Amino acid sequence: MTSLPTVDLECLPLLASALTAAERGWPVIPLHPGSKRPAGHAERACPRTGRCADGHRTPEERATTDPDLIYAAWAQRPYNVGIATGPAGLLVIDLDPVKAEEPKGAPDGATSLQALCERAAQVLPDTYRVRTARGEHLYFTAPTGVRLKCSVDRLGPHIDTRAWGGYVVAPGSTTPDGAYEVAHDAPVAELPGWLAALLTQPDRPAPVPVQVHDGTRAARAALERECAVIATATDGGRNSTLHRSACKVARFVAWGDLPRDVAEQAIQGAGEATGLPPTECRTTIRSAMDWVIAHATPREAA
């Protein structure tokens, strides 16, 4: 290593975080101070010089484990630290909270992951965990020979994954929502095969739209759309998708635009087509319908 630059005291903790990640073999990128956005230039403003002499390099491509480059970046400015998950050989499960506009009782990421494990009769291995500003990151080593990409809600509501094409904010970083801290400093476990299978299985083909002749045109369109959404749900998110779509259709039932039995029959068929047991479908649909119908607000006049 060359002679080190003088480091601003404010930058020391973040420099230490970046070096710690690099020592693990996890390439890092600087994020704007107090932010989750990558620092550096956008492609449209690329000078095509230096590391971009042969063409613009994305943040993932610029990620590094080189101590000299890390010192140069973090010596004078308190950049947050991003870990490029793909080059690091990681698959990180990102568990987020429920959004304010969602129905009461909707599952957050942790609840969705627990339900996923219960349905699969599996237990996640002990692994490195980071408490995020709004949830938690579970770190796993990605399987060899498979180039996993990032996903959103593929495993269930509020369960995202970060792999190739993405990054996670490293512990030691802080955003307006809060700090990122190591929650469980355990060795990083291998991604279980059953989760890897869920993340690599092909998407289901779009189903033939359900034909319904009752209710208003908007209600029919909503029912057909949500049945299509249900039928394309992946194994890990089938029940949660069923619940979410049933809630959306239930508004039209509450407003008198669609008979409840017609809605339930169509949604039941879409749910069973994904492989969910009939009893589980009925329970989920009735729960969603009962809650939304009881709490639905009057529709605004057209």
Side-chain angles (χ1 to χ4, degrees), residues 1-96 128-140 142 149-150 152 160-185 188:
M1 184 182 296
T2 59
S3 59
L4 303 179
T6 302
V7 180
D8 189 296
L9 289 178
E10 184 184 7
C11 303
L12 278 175
L14 291 160
L15 171 60
S17 172
L19 289 172
T20 297
E23 288 170 359
R24 289 177 175 264
W26 299 343
V28 296
I29 55 173
L31 308 177
H32 286 288
S35 168
K36 296 192 289 186
R37 294 184 299 108
H41 59 264
E43 183 174 7
R44 64 180 179 277
C46 183
R48 298 297 194 273
T49 59
R51 299 175 70 188
C52 293
D54 296 327
H56 177 69
R57 300 183 69 183
T58 65
E60 181 177 79
E61 293 170 330
R62 294 198 300 269
T64 183
T65 58
D66 186 327
D68 287 336
L69 293 177
I70 291 172
Y71 269 98
W74 273 273
Q76 301 298 323
R77 196 170 185 205
Y79 288 114
N80 273 343
V81 181
I83 298 172
T85 42
L90 294 171
L91 184 290
V92 177
I93 295 179
D94 180 11
L95 305 179
D96 284 330
Y128 183 79
R129 294 174 179 245
V130 172
R131 186 179 302 107
T132 71
R134 300 172 62 244
E136 190 173 32
H137 286 165
L138 281 63
Y139 284 54
F140 295 95
K149 298 181 180 180
C150 300
V152 177
D160 298 341
T161 63
R162 295 290 177 263
W164 283 99
Y167 63 91
V168 291
V169 180
S173 302
T174 303
T175 69
D177 290 327
Y180 288 68
E181 303 171 336
V182 176
H184 186 49
D185 194 9
V188 178

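In this text, all values refer to a predicted model and were calculated from it rather than measured experimentally.
Counting only heavy atoms from C-beta outward, the side chains of Pro38 and Tyr167 approach each other to under 4.5 Å. Gln76 is not listed as a side-chain neighbour of Cys11, based on a closest heavy-atom distance of 4.5 Å or more. With contacts defined as side-chain heavy-atom distances shorter than 4.5 Å, the pair Leu19/Tyr71 qualifies.
Not counting sequence neighbours, the partners of Glu136 by the side-chain hydrogen bond (donor to acceptor under 3.5 Å, both in side chains) test are Arg129. Every ring-ring contact (aromatic ring centres under 6.0 Å, His included) that Tyr139 has, sequence neighbours left out, goes to Trp26, Tyr128. By the salt bridge (Lys or Arg N to Asp or Glu O under 4.0 Å) test, Arg24 is found to be paired with Asp185, residues two or more places apart in sequence or in another chain being considered. Taking Ala16 as the reference, nothing meets the side chain to side chain contact (heavy atoms under 4.5 Å, CB included) condition, with sequence neighbours excluded. Every residue meeting the salt bridge (Lys or Arg N to Asp or Glu O under 4.0 Å) condition with Glu181, not counting sequence neighbours, appears here in chain and number order: Arg131.
Residues Gly165 and Cys150 come closest through the heavy atom pair C-SG, 3.9 Å. Smallest separation of non-hydrogen atoms from Pro27 and Pro87: CG-CB, 3.9 Å. Of all the heavy atoms in Arg62 and Ile29, the pair that sits closest is C-CG2, 4.4 Å. Taking both residues in full, the closest heavy atoms of Pro171 and Ser17 are given as O-OG, 2.6 Å, listed atom of the first, atom of the second, then distance.
Remark: Leu15 CG to Arg77 CZ distance equals 15.5 Å, nearest 0.5 Å. Separation of atoms CG (Leu91) and CH2 (Trp164) is listed at 12.5 Å; rounding is to 0.5 Å. To the nearest 0.5 Å, atoms CG (Asp177) and OG1 (Thr132) are separated by 9.0 Å. Note: Ile93 CD1 to Arg162 CZ = 12.0 Å, rounded to the nearest 0.5 Å. Here Ile70 contributes atom CD1 and Leu14 contributes atom CG; the two are 12.5 Å apart, rounded to the nearest 0.5 Å.
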Which pairs would a plain distance check flag for residues 79-86, meaning a side-chain donor or acceptor within less than 3.5 Å of a matching protein atom at least two apart in sequence or in another chain?
residue: Asn80; atom: OD1; partner: Thr174; partner atom: N; Å: 3.1
residue: Asn80; atom: ND2; partner: Ser35; partner atom: O; Å: 2.9
residue: Asn80; atom: ND2; partner: Thr174; partner atom: O; Å: 2.8
residue: Thr85; atom: OG1; partner: Ala163; partner atom: N; Å: 3.4
residue: Thr85; atom: OG1; partner: Ala163; partner atom: O; Å: 2.6
residue: Thr85; atom: OG1; partner: Gly166; partner atom: O; Å: 3.1

Handout entry: Steps toward side-chain contact (heavy atoms from CB on, under 4.5 Å) verdict (Asp160, Asp96)
Key = CA-CA 8 Å; Asp160 298 341; Asp96 284 330; 3.7 Å; yes
